[in-house]
Amino acid sequence: MSLLKFLAINALELSAPATPLLLQQQKPTQPKPLGWMQLSGHPESIVPTTTGIVRKRIQCSEDSEVLAYQLISQEPQTSQIVPAYFGLRELHAQHYIELQDLLAGFKDPCVMDIKLGSRTFLESEVSNQTLRPDLYQKMIAVDASAPTPAEHEAQAITKLRYMLFRESLSSSHTKGFRIEALRLRGRTPVKDLKTCRSNEQISNTIEQFLATRRSVQKELLKRLKHMRLVIEQSPFFNRHEIIGSSIFIVYDDQRVGAWLIDFAKSRQLPAQLSINHRSPWTPGNREEGLLRGMDELIHSFEEVYARSSSHRGCLKI
Ligand SMILES: *[C@@H]1O[C@H](CO)[C@@H](O)[C@H](O)[C@H]1NC(C)=O
């Protein structure tokens with residue numbers, strides 16, 4: 001049995017739902033169980049329990065993320081590449097979804113969060129063409145030479161222009177993914193990686209993350225390729241635009257895991273529209289580059305794998 005198959009089974013067992021009574025007794029203010037960490041998102045919006053389940057706060061039960069998990073859990077293959085979904089729960093007048101705690105059972109793990117997509121905003125978020133002085137100010141605070149002469153003249157830019165500028169700072173635009181956050185063994189999480197952009201910066205970061213662990217590299221590559229294949233064949237991914245989702249990678253001495261997470265900005269496509277998740281975005285075509293990002297990510301991992309094999313024999317540890 002492959003390591004990952006073992007892991008998948010093991011992970012499922014670890015996150016078997018506890019009795020409803022036990023869950024209800026838990027208050028969101030309880031201390032976090034050992035080893036739990038949140039790399040990105042709002043700290044209060046995700047509440048771990050001690051039972052291998054995390055609760056993620058949502059606005060209402062018609063939430064896009066709920067719909068996504070409901071649809072995905074009907075697909076046997078696809079449901080294996082996302083956290084196990086245990087349903088909705090209302091607690092202390094808040095709505096939550098309950099998901100598998102992906103860190104349950106790992107000891108002092110290395111963790112990486114990679115945001116997928118060459119477009120990381122919804123079309124509806126940038127449809128307003130109003131020129132905004134506040135976004136011009138934000139832009140020049142980052143890079144005073146970024147605005148065009150006309151934009152300097154107007155001292156204002158559109159939301160779309162600002163979002164594209166932000167993406168150009170990271171590798172999202174060029175590669176379809178960006179390393180959002182990571183944690184190395186025994187260290188505090190690093191979150192300011194949004195400007196990690198060049199090929200060299202990215203492969204050095206991945207190399208650092210994977211250390212020289214050949215077995216981890218091999219299992220991860222296999223898992224990422226499997227995930228890509230499942231996405232390509234999934235009815236859910238065929239019918240949805242996927243914005244702001246991440247690949248979440250975890251490993252320790254014993255185990256390796258990778259899942260696709262965060263579906264708050266997944267949107268069903270209009271009936272007449274289909275996308276391949278790889279073509280460049282033009283306003284209205286809804287392409288977001290999800291699979292293009294996976295292609296590039298797999299390529300980067302392969303490069304690191306090849307590089308570290310050529311290093312073999314030089315490292316005398
Ligand atoms: C567009 O944005 C401007 C400035 O933020 C706002 O005043 C206006 O109401 C928005 N228009 C629409 C249609 O949302």
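Keep in mind that what you see is a predicted model, and the values were worked out from it rather than measured.
Side-chain contact between Asn285 and Ile275 is absent, with no heavy atoms from C-beta onward closer than 4.5 Å. Contact of the Val230 side chain with the Gln80 side chain is not registered, since no non-hydrogen atoms from C-beta on lie closer than 4.5 Å. Counting heavy atoms from C-beta outward, Gln233 and Leu229 have side chains that approach closer than 4.5 Å. Counting only heavy atoms from C-beta outward, the side chains of Ile140 and Pro147 approach each other to under 4.5 Å. A 4.5 Å side-chain heavy-atom check between Lys115 and Ser246 finds at least one atom pair inside the cut-off. The closest side-chain heavy-atom distance from Glu232 to Leu291 is below 4.5 Å. The shortest side-chain heavy-atom distance between Arg132 and Lys159 falls under the 4.5 Å cut-off. Here the side chains of Phe121 and Leu160 are in contact, with some heavy-atom distance below 4.5 Å.
For Asp252 (side chain) and Lys107 (main-chain N/O), a donor-acceptor pair under 3.5 Å exists by modelled atom type. Judged by distance alone, the side chain of Asp113 and the main-chain N or O of Ala181 form no donor-acceptor pair under 3.5 Å. In this structure, His173 contributes its side chain and Arg119 its backbone to no donor-acceptor pair below 3.5 Å. A donor-acceptor contact shorter than 3.5 Å is absent between the side chain of Arg161 and the backbone of Leu131. A donor-acceptor pair under 3.5 Å is absent between the side-chain atoms of Asn276 and the main chain of Gly289, judged by distance alone. A donor-acceptor pair is defined here as one N or O able to donate and one able to accept, closer than 3.5 Å; such a pair exists between the side chain of Ser168 and the backbone of Phe165. Without hydrogens or angle criteria, Asp295 side chain to Ile298 main chain gives no donor-acceptor distance under 3.5 Å. Under the 3.5 Å distance criterion, the side-chain polar atoms of Ser245 are matched with a main-chain donor or acceptor of Asp262. Counting only distance, with no hydrogens or angles, the side chain of Arg55 and the backbone of His95 share no donor-acceptor pair below 3.5 Å. A distance-only check finds a donor-acceptor pair linking the side chain of Glu125 to the backbone of Leu122 [under 3.5 Å].
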Inset, instruction - Start with the C-alpha gap between Leu88 and Ile58, add the side-chain angles, then the distance that decides, and say whether side-chain contact (heavy atoms from CB on, under 4.5 Å) holds. - result: CA-CA 9 Å; Leu88 283 164; Ile58 50 165; 3.5 Å; yes
Inset, instruction - Go through the steps for Asp101 and Ile53 under the test side-chain contact (heavy atoms from CB on, under 4.5 Å), then give the verdict. - result: CA-CA 5 Å; Asp101 180 355; Ile53 295 175; 5.7 Å; no
Legend entry - Criterion salt bridge (charged side-chain N to carboxylate O under 4.0 Å, His left out) on Asp143 and Lys138, from CA distance to verdict: CA-CA 9 Å; Asp143 180 359; Lys138 277 190 174 178; over 6 Å; no
Inset, instruction - For side-chain contact (heavy atoms from CB on, under 4.5 Å), just list the numbers for Tyr162 and Asp134, CA-CA rounded to whole Å, side-chain angles, deciding distance to a tenth of an Å, and then say yes or no. - result: CA-CA 10 Å; Tyr162 179 70; Asp134 58 323; over 6 Å; no
Legend entry - Worked verdict on Gln70 versus Val66 for side-chain contact (heavy atoms from CB on, under 4.5 Å): CA-CA 6 Å; Gln70 284 171 345; Val66 176; 3.5 Å; yes
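At least one test fails for Arg292 against the ring of Phe177: distance under 6.0 Å to the centre or angle within 45° of the axis.
A distance of 9.5 Å separates CZ in Arg286 from CD in Gln268, rounded to the nearest 0.5 Å. Interatomic distance, Met227 CE to Thr78 OG1, rounded to the nearest 0.5 Å: 11.0 Å. Distance CG/Leu71 to OH/Tyr85: 10.0 Å, rounded to 0.5 Å. Taking OG of Ser300 as the start and CD of Glu207 as the end, the distance is 11.5 Å to the nearest 0.5 Å. Atoms CZ and CZ, from Arg223 and Arg228 in turn, are 14.0 Å apart once rounded to the nearest 0.5 Å. Rounded to the nearest 0.5 angstrom, Leu290 CG and His277 NE2 are separated by 6.0 Å.
Hydrophobic clustering (ILVMFWY, side-chain heavy atoms < 4.5 Å, transitive): Ile114 and Leu184 are in one cluster. Under the 4.5 Å side-chain heavy-atom criterion for grouping Ile, Leu, Val, Met, Phe, Trp and Tyr, Leu116 is not connected to Ile243 through any hydrophobic cluster. Ile202 and Val190 fall within a single hydrophobic cluster, where Ile, Leu, Val, Met, Phe, Trp and Tyr side chains are chained together by heavy-atom contacts under 4.5 Å.
We find that Glu65 and Arg57 are not joined by a salt bridge, their nearest charged nitrogen and carboxylate oxygen being 4.0 Å or further apart.
With a 6.0 Å radius and a threshold of 12 heavy atoms from other residues, nucleotides or ligands, Gln201 has its CD atom above the threshold. In Gln59, the CD atom is not crowded: 12 or fewer heavy atoms of neighbouring residues, nucleotides or ligands sit closer than 6.0 Å.
Residues Leu269 and Asn238 approach most closely at CD1-O, 3.9 Å, considering heavy atoms. In plain terms, the two heavy atoms of Ile247 and Leu260 that are nearest each other are CD1-CD1, 4.2 Å. In terms of heavy atoms, Ala68 sits closest to Phe263 at CB-CB, 3.6 Å. The nearest pair of heavy atoms linking Ala258 to Ile249 is CB-CG1, 4.1 Å. Pairing each heavy atom of Ala264 with each of Ser64, the nearest pair is O-CB, 3.4 Å. A pairwise comparison of heavy atoms in Phe237 and Ile231 identifies CB-O, 3.6 Å as the closest pair.
Inspection of the Glu241 and Ser266 side chains reveals no N or O donor paired with an N or O acceptor under 3.5 Å. In this model, no donor atom of one side chain and acceptor atom of the other lie less than 3.5 Å apart for Arg255 and Tyr251. Side-chain contact check for Ser234 and Glu75: at least one donor-acceptor pair (N or O, by modelled atom type) lies under 3.5 Å. Counting only N and O atoms by type, the side chains of Thr188 and Arg183 include no donor and acceptor under 3.5 Å apart.
None of Glu296, Lys175, Glu303, His299 except one satisfies the side chain to side chain donor-acceptor pair (under 3.5 Å) rule with Asn199; the exception is Lys175. Results of the side chain to side chain donor-acceptor pair (under 3.5 Å) test with Trp281 over Glu288, Glu287, Glu123 single out Glu123 as the only residue that passes. Results of the side chain to side chain donor-acceptor pair (under 3.5 Å) test with Ser172 over Glu180, Arg178, Glu167 single out Arg178 as the only residue that passes.
For Phe301 and Phe209, the distance between ring centers is not under 6.0 angstrom.
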